Amino acid sequence: MAGNAYALRMATADDAGFLTDMLVAAVNWDRAREAVGRDRVLVDHRTAHYVEGWPRPGDLGVVAVEAGGQPIGAAWLRLFSSDDPGYGFVAEGVPELSVGVLPPWRGRGVGRALLSEIARAAVEGGFDRICLSVERANRARRLYAAAGFTTVGSGPDSDTMVMALSER
Ligand SMILES: CC(C)(COP(=O)(O)OP(=O)(O)OC[C@H]1O[C@@H](n2cnc3c(N)ncnc32)[C@H](O)[C@@H]1OP(=O)(O)O)[C@@H](O)C(=O)NCCC(=O)NCCS
């Protein structure tokens, strides 16, 4: 059973492996679907480019660590260009959010704390908006809406959401 205590810190280059773990968790949020393996996530550019070469200039990340220092969750931002957009791309200069928490720690406030801290870091980094893409059936959508993201675009199964940091 996991303890309750955790802390947040900024992500470093050493967190590339854990961020990849959280990317794989985000890709596989729907347990009813056949899981996509880590290798496939890293071979497919559409998913791999969320972590490739971490950290790049402009990248920002926050990692939640349990009392022993082991990572339990992460939220990170990466800028994409219009010729290589992420799923939640809205404009150049608006970084896209990825987030994941290890299963035993879900539903305990870690995701909410990560969102709040990455938004604070983004303001400090000079960004005025952050964006994301979420499949509409994912419960994470509710968390994003509660954190202040609003829907700015919709595909058949997913929404693009933006948080205006100046309004925080
Ligand atoms: C989405 C995720 C990062 C949220 O982190 P978390 O620590 O579980 O979230 P919190 O405990 O801070 O907040 C819980 C809120 O998130 C939502 N939520 C999303 N997934 C949840 C889960 N598996 N368990 C509980 N709550 C979940 C709920 O709406 C909940 O709000 P509520 O308390 O008002 O019901 C985490 O559940 C996760 O890693 N899921 C799998 C990966 C994923 O979906 N990533 C996002 C892809 S867009």
Side-chain angles (χ1 to χ4, degrees), residues 1-31 35-42 44-80 86-89 93-135 138-149 161-163 165 168:
M1 183 65 192
N4 285 319
Y6 68 90
L8 302 178
R9 62 164 173 79
M10 296 308 289
T12 70
D14 292 341
D15 294 310
F18 184 71
L19 264 47
T20 304
D21 293 346
M22 294 302 92
L23 175 64
V24 174
V27 169
N28 290 304
W29 68 270
D30 186 353
R31 290 189 193 168
V36 181
R38 187 186 178 96
D39 289 357
R40 239 175 85 203
V41 168
L42 289 176
D44 186 339
H45 180 71
R46 293 169 302 176
T47 44
H49 70 169
Y50 285 92
V51 292
E52 256 163 13
W54 174 271
R56 286 187 184 150
D59 283 348
L60 275 179
V62 176
V63 177
V65 293
E66 46 88 308
Q70 290 302 310
I72 57 165
W76 69 101
L77 294 169
R78 171 161 275 189
L79 286 165
F80 291 96
Y87 288 109
F89 182 84
V94 180
E96 182 168 338
L97 178 79
S98 303
V99 59
V101 171
L102 290 179
W105 283 87
R106 288 179 193 163
R108 298 163 65 178
V110 178
R112 196 172 294 129
L114 284 167
L115 288 193
S116 173
E117 190 60 12
I118 197 72
R120 189 200 57 73
V123 171
E124 237 175 63
F127 297 111
D128 58 8
R129 288 184 293 165
I130 57 181
C131 63
L132 61 82
S133 173
V134 61
E135 287 185 73
N138 191 341
R139 285 176 62 190
R141 207 190 164 289
R142 233 177 75 187
L143 172 63
Y144 299 144
F149 283 88
M161 303 181 85
V162 167
M163 182 198 280
L165 299 170
R168 284 170 56 84

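Note that this is a predicted model, so its numbers are computed, not measured.
- You'll find the side chain of Glu66 stays beyond 4.5 Å of the side chain of Pro104, heavy atoms only.
- Counting non-hydrogen atoms of neighbouring residues, nucleotides and ligands closer than 6.0 angstrom, the CZ atom of Arg40 reaches no more than 12 such neighbours.
- Atom-to-atom distance recorded for Trp29:CH2 and Arg106:CZ is 11.5 Å, nearest 0.5 angstrom.
- Counting heavy atoms from C-beta outward, Thr47 and Val24 have side chains that stay 4.5 Å or more apart.
- Of all non-hydrogen atoms in Asp15 and Thr12, the two that sit nearest each other are OD2-N, 2.7 Å.
- Residues Cys131 and Val162 share a closest heavy-atom pair of CB-CG2, 4.0 Å.
- Between Tyr50 and Phe80, the distance separating the two ring centers is shorter than 6.0 angstrom.
- Between Leu8 and Ala64, the shortest heavy-atom contact is CD2-CB, 3.6 Å.
- Under the 3.5 Å distance criterion, the side-chain polar atoms of Arg78 are left unmatched by any main-chain donor or acceptor of Ser98.
- Distance alone, capped at 3.5 Å, is enough to place a donor-acceptor pair between the Asn28 side chain and the Val36 backbone.
- Note that CD of Glu52 and CG of Leu23 are 10.0 Å apart. Values are rounded to the nearest 0.5 Å.
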For Phe18 and Val65: C-alpha separation, side-chain torsions, deciding distance, then whether side-chain contact (heavy atoms from CB on, under 4.5 Å) applies. CA-CA 11 Å; Phe18 184 71; Val65 293; over 6 Å; no
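- Side-chain contact between Asp21 and Arg38: present, with at least one pair of heavy atoms (C-beta onward) separated by less than 4.5 Å.
- Looking only at distances, no side-chain donor or acceptor of Arg112 sits under 3.5 Å from a matching main-chain atom of Ala147.
- The structure places CG of Leu77 at 4.0 Å from CD1 of Ile118, a figure rounded to the nearest 0.5 Å.
- Between the CZ atom in Phe127 and the CG atom in Leu60 there is a gap of 6.0 Å [rounded to 0.5 Å].
- In this structure the side chain of Ile130 never reaches within 4.5 angstrom of the side chain of Glu96, judged on heavy atoms.
- In this structure, Arg120 and Leu165 have side chains that are not in contact, with every pair of non-hydrogen atoms separated by 4.5 Å or more.
- In this structure, Arg56 contributes its side chain and Leu79 its backbone to no donor-acceptor pair below 3.5 Å.
- Inter-residue side-chain proximity for Val110 and Ile72 is flagged as met; some heavy-atom pair is nearer than 4.5 Å.
- Val99 has its side chain within reach of Tyr144: a pair of non-hydrogen atoms, C-beta onward, lies under 4.5 Å apart.
- Of all heavy-atom pairs between Leu114 and Val63, the closest is CD2-C, 4.2 Å.
- Using a 30° and 60° split on the angle between ring planes, Trp105 and Tyr6 fall in the perpendicular class, above 60°.
- Arg139 contributes atom CZ, which lies 12.5 Å from atom CG of Asp30 (distance to the nearest 0.5 angstrom).
- When side chains are defined from C-beta on, Leu97 counts as touching Leu115, because their heavy atoms get closer than 4.5 Å.
- Looking at Trp54, its side chain never comes within 3.5 Å of a backbone N or O of Asp14 through a donor-acceptor pair.
- Annotation: the span from Met163 atom CE to Asp128 atom CG amounts to 13.0 Å, rounded to 0.5 Å.
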